[in-house]
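The structure appears right after this line, and notes come after that.
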Amino acid sequence: QVQLVESGGGLVQAGGSLRLSCAASGGTFTIYTMGWFRQAPAKEREFVAVISRRSEVTYYADSVKGRFTISRDNTKNTVYLQMNSLKPDDTAVYYCAAGKVVGTGTIRSSYDYWGQGTQFTVSS
């Protein structure tokens, strides 16, 4: 059983930057593809970014491409989401997820484990 704990949420002004972290425990981190999703109020949880097991492949939602960067440190069992040029529309609860993903990793059902989420608000 893998436990995921996100951190780094908070309040930031539009145009600013923030980095989220997700620490994994209880499993072999390197066997899992890692993803970030977000859920804004009254909206469905949506895909943000995904990174393959050894960082060979990353993929982003169009809405964050060029602004967000996903990375992982397998020595620390941690995945990161660096967010730049933030917009109020980026406000959401951000979740990390782990799974033995087959496919692009953009679908929620591809993941087996989820963190509890971290709230992040961008003020205009």
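Here the structure is a predicted model, which is why all the values come from computation and not from measurement.
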In a table with atom names and distances, give each donor-acceptor pair under 3.5 Å that connects a side chain of residues 12-37 to protein atoms at least two apart or in another chain.
unit_1 : atom_1 : unit_2 : atom_2 : d
S17    : OG     : N84    : OD1    : 2.9
W36    : NE1    : Y80    : O      : 3.4

Is there a donor-acceptor pair closer than 3.5 Å between any side-chain N or O of [X] and the backbone N or O of [Y]?
X	Y	answer
Y113	C96	no
T106	F47	no
E46	E44	no
Q116	V5	no

**Prompt:** Is there a path of hydrophobic side-chain contacts, each under 4.5 Å between heavy atoms of I, L, V, M, F, W or Y residues, that connects W114 with V93?
**Reply:**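 Yes, because W114 and V93 connect within a single hydrophobic cluster, where side-chain heavy atoms sit under 4.5 Å apart.
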**Request:** Examine I51 and V64 and state if one hydrophobic cluster contains both, with Ile, Leu, Val, Met, Phe, Trp and Tyr joined whenever side-chain heavy atoms are less than 4.5 Å apart.
**Result:**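 Both belong to a single hydrophobic cluster.
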**Identified side-chain contact (heavy atoms from CB on, under 4.5 Å) partner of R72 from the options V79, T78, T58** =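 For R72, the side-chain contact (heavy atoms from CB on, under 4.5 Å) test succeeds with only one of V79, T78, T58, which is V79.
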So which atom in [X] and which in [Y] form the shortest heavy-atom distance, rounded to 0.1 Å?
X	Y	value
D90	R67	OD2-NH1, 2.8 Å
F68	Y60	O-CE2, 3.2 Å
Y111	G105	OH-O, 2.6 Å
A49	L81	CB-CD1, 4.2 Å

**Prompt:** Does the distance from a Lys or Arg side-chain N to an Asp or Glu carboxylate O, for K65 and D62, drop under 4.0 Å?
**Reply:**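 Salt bridge flag = yes for D62 with K65.
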About how many Å separate [atom2] of [Y] and [atom1] of [X], when rounded to the nearest 0.5 Å?
X	Y	atom1	atom2	result
F120	R38	CZ	CZ	9.0 Å
Q39	Y95	CD	OH	5.0 Å
N77	L4	CG	CG	10.5 Å

